[in-house]
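See structure below.
In this text, all values refer to a predicted model and were calculated from it rather than measured experimentally. All values below come from the heavy atoms of this structure, side chains included, with hydrogens, waters and symmetry mates left out.
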Amino acid sequence: MMFDVENQLSNAQAFTGGATVSTNSYVKQTAAQDISIGRRMALLGHVTTAAGAGSTHTMECIQADDAALTSNVQVLNTVTIAAATLVKGYEFEIPIPQGVMTKQYLGFRNSSTGGTTTVSLDVYLVPQDEIAKYKSFPKVVSAAV
């Protein structure tokens, strides 16, 4: 999976309280372009600082008419995660349905309620089939022959 500034929406960004949008947005060539057609896309979030206790976080993939993600915002998909789950290193995925992209800018929004509402995240736009699932393997020991 490739991570670079083109698909990075947040870099260790602190999301606090109400609705906070990602620092960056992904810009498509045109508003009509739907990058999810032919290959499923998703937002991949990685917790860099654990969420405050007792909060609930609503993570959304959004699209908008402007790069600041403030004009004519539309939610493409949502996941809700309790703070107890959002520990450092935890990863979550927000799948983007195919055929729904109608605006030029894609982004991420976090809304949190209850308890201490801060969490820091890295968020990327990636092809869904490139999101690796963790698999533990037995320790390999090298031996000279």
Side-chain angles (χ1 to χ4, degrees), residues 1-140:
M1 179 172 12
M2 300 293 293
F3 293 128
D4 64 23
V5 295
E6 291 294 320
N7 68 339
Q8 183 180 56
L9 303 179
S10 296
N11 180 15
Q13 180 180 349
F15 292 89
T16 304
T20 307
V21 297
S22 54
T23 305
N24 304 312
S25 57
Y26 180 84
V27 60
K28 301 184 303 176
Q29 292 176 351
T30 66
Q33 181 188 21
D34 190 339
I35 60 173
S36 71
I37 299 297
R39 189 166 193 192
R40 295 189 181 277
M41 301 296 289
L43 295 187
L44 176 64
H46 180 80
V47 178
T48 57
T49 303
S55 57
T56 300
H57 295 262
T58 302
M59 316 289 195
E60 299 173 320
C61 176
I62 59 173
Q63 63 180 349
D65 289 333
D66 64 336
L69 303 170
T70 57
S71 175
N72 201 14
V73 176
Q74 181 182 20
V75 176
L76 298 178
N77 204 358
T78 302
V79 296
T80 302
I81 306 171
T85 304
L86 294 172
V87 297
K88 185 175 181 176
Y90 177 77
E91 289 185 345
F92 61 90
E93 178 182 338
I94 306 172
I96 301 172
Q98 289 187 322
V100 297
M101 294 182 189
T102 58
K103 302 182 185 322
Q104 191 156 5
Y105 298 91
L106 295 172
F108 170 79
R109 179 169 62 189
N110 175 54
S111 302
S112 50
T113 57
T116 307
T117 58
T118 301
V119 65
S120 293
L121 305 168
D122 290 343
V123 181
Y124 295 91
L125 173 67
V126 296
Q128 198 171 18
D129 61 346
E130 290 186 15
I131 299 174
K133 300 298 179 202
Y134 177 75
K135 173 70 175 147
S136 179
F137 293 97
K139 184 176 179 180
V140 177

Are the side chain of Gln104 and the backbone of Val27 linked by a donor-acceptor contact shorter than 3.5 Å?
no
Sidechain-backbone polar pair: Ser120 side chain, Thr48 backbone, donor-acceptor under 3.5 Å:
no
Within a strict 4.5 Å, meaning less than it, do heavy atoms of the Thr78 and Thr58 side chains meet?
yes
Measure the spacing between NZ of Lys103 and CG of Asp65 and express it to the nearest 0.5 Å.
5.0 Å
If you define the side chain from C-beta out and look only at heavy atoms, does anything of Gln33 sit under 4.5 Å from Met101?
no
Say whether, by atom type as modelled, one donor and one acceptor occur between the side chain of Glu93 and the main chain of Ala42 under 3.5 angstrom.
no
Could you check if a side-chain atom of Pro95 sits within less than 4.5 angstrom of a side-chain atom of Gln128, using non-hydrogen atoms only?
yes
Rounded to the nearest 0.5 Å, what separation is found between the OH atom of Tyr124 and the CG atom of Leu44?
9.0 Å
Quick check for you: to the nearest 0.5 Å, what is the distance between Asn110 atom CG and Ser10 atom OG?
9.5 Å
Report the C-alpha separation of Val126 and Ile131 in whole Å, then their side-chain angles, then the decisive distance to 0.1 Å, and conclude whether the side chain to side chain contact (heavy atoms under 4.5 Å, CB included) test is met.
CA-CA 8 Å; Val126 296; Ile131 299 174; 3.7 Å; yes
Would you find a donor on one side and an acceptor on the other, under 3.5 Å apart, between the side chain of Asp34 and the backbone of Val100?
yes
Strictly distance-based, threshold 3.5 Å: is any side-chain N or O of Gln63 a donor or acceptor partner for the main-chain N or O of Thr102?
yes
Which residues share a side-chain hydrogen bond (donor to acceptor under 3.5 Å, both in side chains) with Thr16, sequence neighbours left out
Thr118
How far apart are the C-alpha atoms of Val73 and Val21, what are their side-chain angles, what is the distance that settles it, and do they pass the side chain to side chain contact (heavy atoms under 4.5 Å, CB included) test?
CA-CA 11 Å; Val73 176; Val21 297; over 6 Å; no
Heavy-atom donor-acceptor pair, Asn77 side chain to Ile96 backbone, under 3.5 Å:
no
Using side-chain heavy atoms (C-beta onward) and a distance below 4.5 Å, is Glu60 in contact with Ile94?
no
Between Pro97 and Ser36, which heavy-atom pair has the shortest distance, and what is it?
O-OG, 3.6 Å
Give, for atom CG of Leu121 and atom OG1 of Thr20, the distance between the pair rounded to the nearest 0.5 Å.
10.5 Å
Student check: side-chain heavy atoms of Val123 and Met59 closer than 4.5 Å:
no
Please confirm whether the backbone N or O of Ala64 pairs with a side-chain atom of Asn72, one donor and one acceptor, at under 3.5 Å?
no
Worked check of side chain to side chain contact (heavy atoms under 4.5 Å, CB included) between Leu106 and Met41
CA-CA 11 Å; Leu106 295 172; Met41 301 296 289; over 6 Å; no
Rounded to the nearest 0.5 Å, what separation is found between the CD atom of Gln8 and the CG atom of Leu125?
12.0 Å
Say you draw a straight line from CG of Leu43 to CZ of Phe92; how long is it, rounded to the nearest 0.5 Å?
8.0 Å
Classify the angle between the aromatic ring planes of Phe15 and Phe108 as parallel (below 30°), tilted (30 to 60°) or perpendicular (above 60°).
perpendicular
With Arg39, which residues qualify under salt bridge (charged side-chain N to carboxylate O under 4.0 Å, His left out), at least two apart?
Asp129, Glu130
Donor-acceptor pair between Ser22 and Asn24 side chains, under 3.5 angstrom:
no
Might you point out which heavy atoms bring Ser25 and Ala67 nearest each other, and give the distance in Å?
OG-O, 2.9 Å
Residue pairs passing the ring-ring contact (aromatic ring centres under 6.0 Å, His included) test with at least one member in residues 22-73, sequence neighbours excluded, are none
